[in-house]
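Chain A is the first sequence line, chain B the second, and so forth, proteins listed ahead of strands; every chain is numbered from 1. Here the structure is a predicted model, which means the values were calculated and not measured.
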Amino acid sequence: MLDAKFLRENLDYASSRLATRGDSGNLDLFRDLDEERRALLQETEDMKALRNAESAQIGALRKQGLDARERQDAVRSLGERIKANEERLKAVEEKLSGILLTLPNLPHESVPVGKDESENPEIRVWGEKPVFDFDPLPHWELGEMLGIIDLPRAAKLSGARFSLLTGAGARLERALINFMLDLHTLEHGYTEVLTPFMVQPPSLTGTAQLPKFEEDLFHVEGGEYYLIPTAEVPVTNIHREEILAESALPIRYAACTPCFRKEAGSHGKDTRGLVRLHQFNKVELVKFTRPEDSYDELESLTRDAEEVLMRLGLPYRVVSLCTGDLGFASAKTYDLEVWLPGQQTYREISSCSNFEDFQARRAQIRYRPEGAKGTRLVHTLNGSGLAVGRCMVALLENFQQADGTVIIPEALRPYMGGMEIITRGG
RNA sequence: GGAGAGAUGGCCGAGUCGGUCGAAGGCGCUCGCCUGCUAAGCGAGUAUACGCUCAAAAAGUGUAUCGAGGGUUCGAAUCCCUCUCUCUCCGCCA
């Protein structure tokens, strides 16, 4: 959510920044409602001040045993007018927050202007794309041949866009999770958290999945619960409505959770394999920082995610999302894209974003600056470190051999009981 | 699921028959004084949000907030209703 005060004072600037996203919002309506709200608020508060003063006098009279009936009658009608005003005010404030909650974040100055993903500049590239003297297979064929991925049975259980891993496949998923969590907690300084996988609406409003993106979420019958689409939601909301000590910042959390997504509107896209599922595991990194530190923290967050790919020896590149491709809540995002030889393309495997105070304002996450009065909103960041399923896809496709077996990268072997290669029936 | 108890400021804890209560007292914390050092002692301060005044900062001022929402009343932390959460006991359960 954008700051209403900032918007009020920088309407043209905000409008032009939003336009670079292709979503300029309804700022004229905002301005009118904001003005109406303040006028109404002032009027109502003046009346309340009067009522408070009158009531105090009535109290004083009554204490002396005097009759105050006339005054009481006069104040009664004031009370009715106050109530009427409050109702109008409430209606205006609801409309206003409706606008504010659906207005996207302003892109950071350093974000390249562009209309869609074709205009995302490449920031850096790492690793050598593997060269094969045979035709590399897509992961679903490898997985089936090796007997570690069983998509037909997954469909029998749950329908399209679900996966079933068996044997070395299931173990590989678990190995990846443990490897990633160990790296981030033991070497990168994150604290591991294990969160609920269902949350209530205020949490989703806090991180900005609601109210605008309800159609992407699974709603659970029998309660006001949603399945989390990413660990970002529960982890960021850990500190919702809290005032943190400055000395506690930055806070860095790592969490592995399943992610549940409807994938509405992506019919026909990535229908085969493990790339786009209704349920997948993801290790997520979340940070709470002081505003002045957040862009440095975005760089280190991205590096922390990249480190996973480097240790696994997976070639990748980093792109900076342009204004037109930026997520609703993000001020700046780097995507990590891993090379998939089976499909001869780079695919997103991590998205690292700085939300600045956009989520913090919705979720009321603040800190108390030392040596200054009052509170400030923290900046929140998060990034995948990494999407586990897509990581498995990348491993299979990059480390496949002519005979269909797959080499397990060095870094993962301790987590695989020393296994070096995945063979058929392994 | 059944029965009961509770929810007040960073923490503990008072709030009488509703009347000036943003809330006594204590602890903690901050600043100052005192003191060879530490401790103790003394003094002052110590919630948040949204408005308004102001060029702005500082400051001042208004309103709201005693789990949440609604009601009664001139006036509610105090009375009534609904909800949420916590604790205890019983039952059930991985």
A.B. asks: Between B:U48 and A:R368, is there an OP1 or OP2 to side-chain N/O distance shorter than 4.0 Å?
C.D. replies: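 Checking A:R368 against B:U48: at least one side-chain N or O falls below 4.0 Å of OP1 or OP2.
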A.B. asks: When you get a sec, tell me which of B:U20, B:G70, B:C52 is the closest nucleotide to the side chain of A:R38?
C.D. replies: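 Looking only at side-chain atoms, A:R38 lies closest to B:C52.
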A.B. asks: Please figure out whether A:R8 or A:R71 has its closest RNA chain B nucleotide nearer the 5' end.
C.D. replies: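 In this pair, the answer is A:R8.
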A.B. asks: Between atom CE in A:M47 and atom P in B:C52, what is the gap in whole Å?
C.D. replies: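 Distance check: A:M47 CE to B:C52 P gives 17 Å.
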A.B. asks: Considering only B:G75, B:U63, B:G71, which nucleotide approaches the side chain of A:A49 most closely?
C.D. replies: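 Given the options B:G75, B:U63, B:G71, the side chain of A:A49 is closest to B:U63.
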A.B. asks: In whole Å, what separates the C1' atom of B:G6 from that of B:C83?
C.D. replies: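 Rounded to whole Å, the distance is 16 Å.
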A.B. asks: Quick check for you: among B:U63, B:G51, B:U20, whose closest atom lies nearest to any side-chain atom of A:R37?
C.D. replies: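 The closest nucleotide is B:G51.
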A.B. asks: Hey, can you tell me if A:F218 and A:H278 have their rings parallel, tilted or perpendicular (30° and 60° cut-offs)?
C.D. replies: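 Plane angle over 60°, so perpendicular.
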A.B. asks: Whole-Å distance between B:C11 P and A:I243 CD1?
C.D. replies: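 Nearest whole value for this atom pair: 11 Å.
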A.B. asks: Applying a 3.5 Å limit to both distances, which nucleotide forms a Watson-Crick or G-U wobble pair with B:G18?
C.D. replies: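 Its partner is none (no Watson-Crick or G-U wobble pair with both distances under 3.5 Å).
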A.B. asks: Nearest to the side chain of A:N52, which nucleotide is it out of B:U72, B:U63, B:G75?
C.D. replies: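 Closest nucleotide to the A:N52 side chain: B:U63.
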A.B. asks: With side chain to side chain donor-acceptor pair (under 3.5 Å) as the criterion, how do A:Y334 and A:E299 come out once you've worked through the C-alpha distance, each side chain's angles and the decisive distance to 0.1 Å?
C.D. replies: CA-CA 9 Å; A:Y334 293 118; A:E299 295 302 320; 2.6 Å; yes
A.B. asks: If we call it a pair only when both distances are under 3.5 Å in a Watson-Crick or G-U wobble match, what pairs with B:G36?
C.D. replies: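 For B:G36, the partner nucleotide comes out as none, under the 3.5 Å rule.
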A.B. asks: Suppose we define a pair by two distances each less than 3.5 Å, Watson-Crick or G-U wobble; what does B:U72 pair with here?
C.D. replies: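 Pairing partner, where one exists within any strand: none, as none qualifies.
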A.B. asks: Can you identify which nucleotide, out of B:G51, B:C74, B:U48, has its nearest atom closest to the A:I58 side chain?
C.D. replies: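 Of the options given, the side chain of A:I58 lies nearest B:C74.
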A.B. asks: Measure CD/A:E246 against P/B:U30 and give the value in whole Å, please.
C.D. replies: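 For the pair A:E246 CD and B:U30 P, the rounded distance is 15 Å.
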A.B. asks: Over all heavy atoms of both residues, which pair between A:A363 and A:G206 is shortest? Give the atoms and the distance, please.
C.D. replies: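 So the minimum-distance heavy-atom pair works out to CB-CA, 4.0 Å.
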A.B. asks: What's the CD-P distance between A:E86 and B:G70, to the nearest Å?
C.D. replies: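 So the CD-P distance, A:E86 to B:G70, works out to 9 Å.
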A.B. asks: Taking atom C1' in both B:G70 and B:A76, compute the distance separating them and give it to the nearest angstrom.
C.D. replies: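 It works out to 14 Å between them.
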A.B. asks: Within the structure shown, what part of the strands sits under 4.0 Å from A:A53 by heavy-atom distance: base, sugar-phosphate, or nothing?
C.D. replies: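 Since no nucleic acid heavy atom lies under 4.0 Å of A:A53, the category is nothing.
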A.B. asks: Determine whether the aromatic ring centres of residues A:F260 and A:F197 are separated by less than 6.0 angstrom.
C.D. replies: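 No.
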A.B. asks: Check every atom of B:A49, B:G19, B:U20 against the side chain of A:R366 and return the nucleotide holding the closest atom.
C.D. replies: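 Taking heavy atoms from C-beta onward, the closest nucleotide is B:A49.
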A.B. asks: Rounding to an integer number of Å, can you tell me how far A:I82 CD1 sits from B:G62 C1'?
C.D. replies: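 Those two atoms, CD1 and C1', are 13 Å apart.
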A.B. asks: Would you mind classifying the nucleic acid contact of A:R69 as base, sugar-phosphate or nothing, using non-hydrogen atoms under 4.0 angstrom?
C.D. replies: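 Answer is nothing: A:R69 stays at 4.0 Å or more from every strand.
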A.B. asks: Decide, yes or no, whether a salt bridge links A:R69 with A:D73 under the criterion of side-chain N to carboxylate O below 4.0 Å.
C.D. replies: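 A salt bridge is absent here (no side-chain N lies under 4.0 Å from a carboxylate O).
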A.B. asks: Mind checking who B:A3 pairs with, Watson-Crick or G-U wobble, both distances under 3.5 Å?
C.D. replies: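 With both distances under 3.5 Å, B:A3 matches B:U88.
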A.B. asks: Does the structure show a Watson-Crick or G-U wobble partner for B:G62, both distances under 3.5 Å? Name it, or say none.
C.D. replies: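 Check on B:G62: paired to B:C50, both distances under 3.5 Å.
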A.B. asks: The test is side chain to side chain donor-acceptor pair (under 3.5 Å); show your working for A:E356 and A:N105 and say whether it passes.
C.D. replies: CA-CA 9 Å; A:E356 299 188 358; A:N105 202 357; 5.2 Å; no
A.B. asks: Figure out the CG/C1' separation between A:L50 and B:C52, and round it to whole Å.
C.D. replies: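 Rounding to the nearest Å, CG of A:L50 and C1' of B:C52 are 17 Å apart.
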A.B. asks: Check every strand shown and say whether A:R361 touches a base, only sugar-phosphate, or nothing at a heavy-atom separation below 4.0 Å.
C.D. replies: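 Counting heavy atoms under 4.0 Å across all strands, no contact is made by A:R361.
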A.B. asks: In whole Å, I'd like the distance from the CD atom of A:E242 to the C1' atom of B:G10.
C.D. replies: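 Rounded to whole Å, this separation is 13 Å.
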A.B. asks: On the nucleotide B:U73, are OP1 or OP2 found under 4.0 Å from the side-chain N or O atoms that A:K83 carries?
C.D. replies: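 So the side chain of A:K83 is outside the cut-off, no N or O lying under 4.0 Å from OP1 or OP2 of B:U73.
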A.B. asks: So which one's nearest nucleotide on RNA chain B is more toward 5', A:E54 or A:Q42?
C.D. replies: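 Mapping each residue to its closest nucleotide by heavy atoms, the 5'-most match is A:Q42.
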A.B. asks: Measure CG/A:L96 against P/B:C50 and give the value in whole Å, please.
C.D. replies: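 That distance rounds to 13 Å.
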A.B. asks: Can you tell me the pairing partner of B:G10 across any strand shown, Watson-Crick or G-U wobble, with both distances under 3.5 angstrom?
C.D. replies: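 For B:G10, the partner nucleotide comes out as B:C27, under the 3.5 Å rule.
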A.B. asks: Closest approach to the side chain of A:R62, judged atom by atom: which nucleotide of B:U63, B:U20, B:G19 is it?
C.D. replies: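 Nucleotide nearest to A:R62's side chain: B:G19.
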A.B. asks: Check A:V235, A:V286, A:T236 against A:T380 for a side-chain contact (heavy atoms from CB on, under 4.5 Å) and give me the one that passes.
C.D. replies: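 Answer to the side-chain contact (heavy atoms from CB on, under 4.5 Å) test with A:T380 among A:V235, A:V286, A:T236: A:T236.
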A.B. asks: Taking the side chain of A:S55 as its heavy atoms from C-beta onward, which of B:G19, B:U48, B:C50 lies nearest to it?
C.D. replies: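 Out of B:G19, B:U48, B:C50, the nucleotide with an atom closest to A:S55's side chain is B:G19.
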A.B. asks: Give the nucleotide from the list B:C52, B:G62, B:C74 with an atom nearest to the side chain of A:Q72.
C.D. replies: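 That would be B:C74.
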A.B. asks: Between B:G62, B:G19, B:A49, spot the one nearest the side chain of A:T375, thanks.
C.D. replies: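 Within the option list, the nearest is B:A49.
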